[in-house]
Colleague: 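Just dropping this structure here.
Since this is a predicted model, take the numbers as computed values, not measurements. We name chains A, B, ... by the order of the sequence lines, and we start the count at 1 in each one. Any value given below was found using the heavy atoms of this structure, including those in side chains, with hydrogens, waters and symmetry copies removed.
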Amino acid sequence: MPPLPREFYRRDPREVAPALLHQVLVAGPCAGLIVETEAYCGSGDPASHAFRGPTRRNATMFGPPGHLYVYFSYGMHWCANAVCGEEGEGVAVLLRGLRPLAGLEQMWARRPAARRERDLCAGPARLCQALGLDRAHDGADLVTGAGGVTIVDEGPGPPADVVCTTRVGISVAVDEPWRWYVAGESAVSSRRR
DNA sequence: ACCGGGATGTTCT
DNA sequence: GAACATCCCGGTG
């Protein structure tokens with residue numbers, strides 16, 4: 001089970017985000033098929049945490065590509081990104097939705113509020129809850145597996161039908177079409193009509 | 001199904 | 001002191 005190589009991440013997040021669809025995120029016994037992503041484009045993107053430059057919180061974003069940037073949001077949630085581009089750019093892809101593949105029992109135990117299987121990892125904070133990702137995983141190396149999280153090229157191949165649309169939950173740069181998801185997937189966080 | 005509000009704490013103005 | 005890359009629950013139709 002080969003992890004995606006460093007070079008996979010070393011490019012524009014708007015290329016990486018759709019390319020991550022149907023790759024497999026692995027954390028311990030848990031794994032999920034990536035079905036929804038968003039690109040955050042650093043200093044050129046007012047919606048990005050990196051827009052105003054490096055801080056203690058976003059330090060991982062400005063590090064080398066292929067690492068996991070995990071941040072704390074709304075006082076109670078964790079969200080995870082794959083750092084992209086070149087070191088110092090501050091660009092990343094937010095992981096927004098997974099189709100649960102393995103470790104389902106763990107996921108159910110960590111997400112008692114979920115009602116159906118498709119709710120386990122549908123949403124950026126939900127998937128972190130289900131896989132047990134938090135501050136301890138910030139900076140984890142997705143390529144070497146150091147830190148306990150990887151993304152492996154073990155999915156069913158590129159999705160047949162990918163939708164590109166605007167991002168969710170932001171108040172600036174709302175018109176940029178930098179969100180991608182697999183058409184027909186139920187684990188997409190914000191189903192829109 | 002759809003909407004509104006509360007929880008909760010870090011970060012930056 | 002406000003904003004925030006969210007989620008959950010309880011209301012209503």
Colleague: If you measure from the ring centre of Tyr71(A) to the centre of the six-membered ring in the base of dA5(C), is it under 5.5 Å, with the planes under 30° apart?
Modeller: no
Colleague: For a quick check of understanding: with a heavy-atom distance under 4.0 Å over all strands, which category does Ala113(A) fall into, base, sugar-phosphate or nothing?
Modeller: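 Contact class for Ala113(A): sugar-phosphate only.
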Colleague: Leu133(A) CG to dT6(C) C1': how many Å, rounded?
Modeller: 16 Å
Colleague: Between dC7(C) and Arg111(A), is there an OP1 or OP2 to side-chain N/O distance shorter than 4.0 Å?
Modeller: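 It does not, given that no N or O in the side chain of Arg111(A) lies less than 4.0 Å from OP1 or OP2 of dC7(C).
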Colleague: How do His77(A) and Pro54(A) order along DNA chain B: which one's closest nucleotide is nearer the 5' end?
Modeller: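 Of the two residues, His77(A) wins.
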Colleague: Do side-chain atoms of Arg10(A) reach the backbone of Pro5(A) as a donor and acceptor pair under 3.5 angstrom?
Modeller: no
Colleague: Write down the distance between CZ (Arg56(A)) and P (dT10(B)), rounded to a whole number of angstrom.
Modeller: 12 Å
Colleague: Where each residue is assigned the nucleotide of DNA chain C containing its nearest heavy atom, which of Leu127(A) and Gly75(A) is assigned the position nearer the 5′ end?
Modeller: Gly75(A)
Colleague: Does any N or O in the side chain of Arg110(A) come within less than 3.5 Å of the main-chain N or O of Ala130(A), such that one atom is a donor and the other an acceptor?
Modeller: yes
Colleague: Nearest of dC12(B), dT6(C), dC4(C) to any side-chain atom of Ser171(A)?
Modeller: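 Selected nucleotide: dC4(C).
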Colleague: Send over the distance from Arg96(A) CZ to dC7(C) C1', rounded to a whole Å.
Modeller: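 Answer to the nearest Å: 12 Å.
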Colleague: Taking Arg96(A) for the side chain and Glu36(A) for the main chain, is one N or O donor matched with an acceptor at less than 3.5 Å?
Modeller: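 Flag not set: sc Arg96(A) to bb Glu36(A) has no pair under 3.5 Å.
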Colleague: In whole angstroms, how far is the P atom of dT6(C) from the CZ atom of Arg167(A)?
Modeller: 11 Å
Colleague: Which value, in whole Å, describes the distance between the P atoms of nucleotides dA5(C) and dC3(B)?
Modeller: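 Per the computed distance, 22 Å lies between those P atoms.
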Colleague: Using the rule that two of Ile, Leu, Val, Met, Phe, Trp, Tyr join whenever any of their side-chain heavy atoms come within less than 4.5 Å, decide whether Leu142(A) and Leu95(A) are in one cluster.
Modeller: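 Both belong to a single hydrophobic cluster.
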Colleague: Think His49(A) has a side-chain N or O under 4.0 angstrom from the OP1 or OP2 of dA5(C)?
Modeller: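 Indeed, a polar side-chain atom of His49(A) lies that close.
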Colleague: Quick one: the dot-bracket string of DNA chain B, using Watson-Crick and G-U wobble pairs with both distances under 3.5 Å, [ ] for crossing pairs and | for bases paired to another strand.
Modeller: |||||||.||||.
Colleague: Using atom OH of Tyr40(A) as one end and atom C1' of dC4(C) as the other, report the distance to the nearest whole Å.
Modeller: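 So the OH-C1' distance, Tyr40(A) to dC4(C), works out to 12 Å.
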Colleague: In whole angstrom, give the distance that lies between atom CE of Met76(A) and atom P of dT6(C).
Modeller: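 One finds 13 Å between P of dT6(C) and CE of Met76(A), rounded.
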Colleague: Would you say that more than 12 heavy atoms from the other residues, nucleotides or ligands in this model lie under 6.0 Å from the CZ of Arg52(A), or not?
Modeller: no
Colleague: Return the value, rounded to whole Å, for the distance between atom CZ of Arg116(A) and atom C1' of dC7(C).
Modeller: 15 Å
Colleague: Taking only the side-chain heavy atoms of Arg52(A) (C-beta and beyond), determine which of dA5(C), dC7(C), dT13(B) contains the nearest atom.
Modeller: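 So the nucleotide nearest the side chain must be dT13(B).
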Colleague: Rounded to the nearest Å, what distance is computed from the CG atom of residue Asn58(A) to the P atom of nucleotide dT11(B)?
Modeller: 10 Å
Colleague: Picking from dC8(C), dC12(B), dA5(C), which would you name as closest to the side chain of Tyr69(A)?
Modeller: dA5(C)
Colleague: Between Ser48(A) and Met61(A), is any pair of side-chain heavy atoms under 4.5 Å apart?
Modeller: yes
Colleague: Looking at Arg126(A), does any N or O in its side chain come under 4.0 Å of the phosphate oxygens OP1/OP2 on dC8(C)?
Modeller: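 So the side-chain polar atoms of Arg126(A) do come within 4.0 Å of the phosphate oxygens OP1 or OP2 of dC8(C), strictly under.
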Colleague: Record whether the side chain of Tyr74(A) comes under 3.5 Å of the base of dA5(C) through a donor-acceptor pair of N or O atoms.
Modeller: no
Colleague: From the list dC12(B), dT10(B), dA5(C), which nucleotide is the closest neighbour of the side chain of Thr55(A)?
Modeller: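 Closest of the options to the side chain of Thr55(A): dC12(B).
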Colleague: Looking at Ser73(A), does any N or O in its side chain come under 4.0 Å of the phosphate oxygens OP1/OP2 on dT10(B)?
Modeller: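 Indeed not, no polar side-chain atom of Ser73(A) lies that close.
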Colleague: Between Phe8(A) and Arg6(A), is there a cation-pi geometry (under 6.0 Å to ring centre, at most 45° from the normal)?
Modeller: no
Colleague: Which is true for Ile170(A) with a 4.0 Å heavy-atom rule: it touches a base, it touches only sugar-phosphate, or it touches nothing?
Modeller: sugar-phosphate
Colleague: Not counting sequence neighbours, list each pair that qualifies as a ring pair (Phe, Tyr, Trp, His ring centres under 6.0 Å) and has a residue in residues 76-109 of chain A.
Modeller: Phe72(A)-Trp78(A)
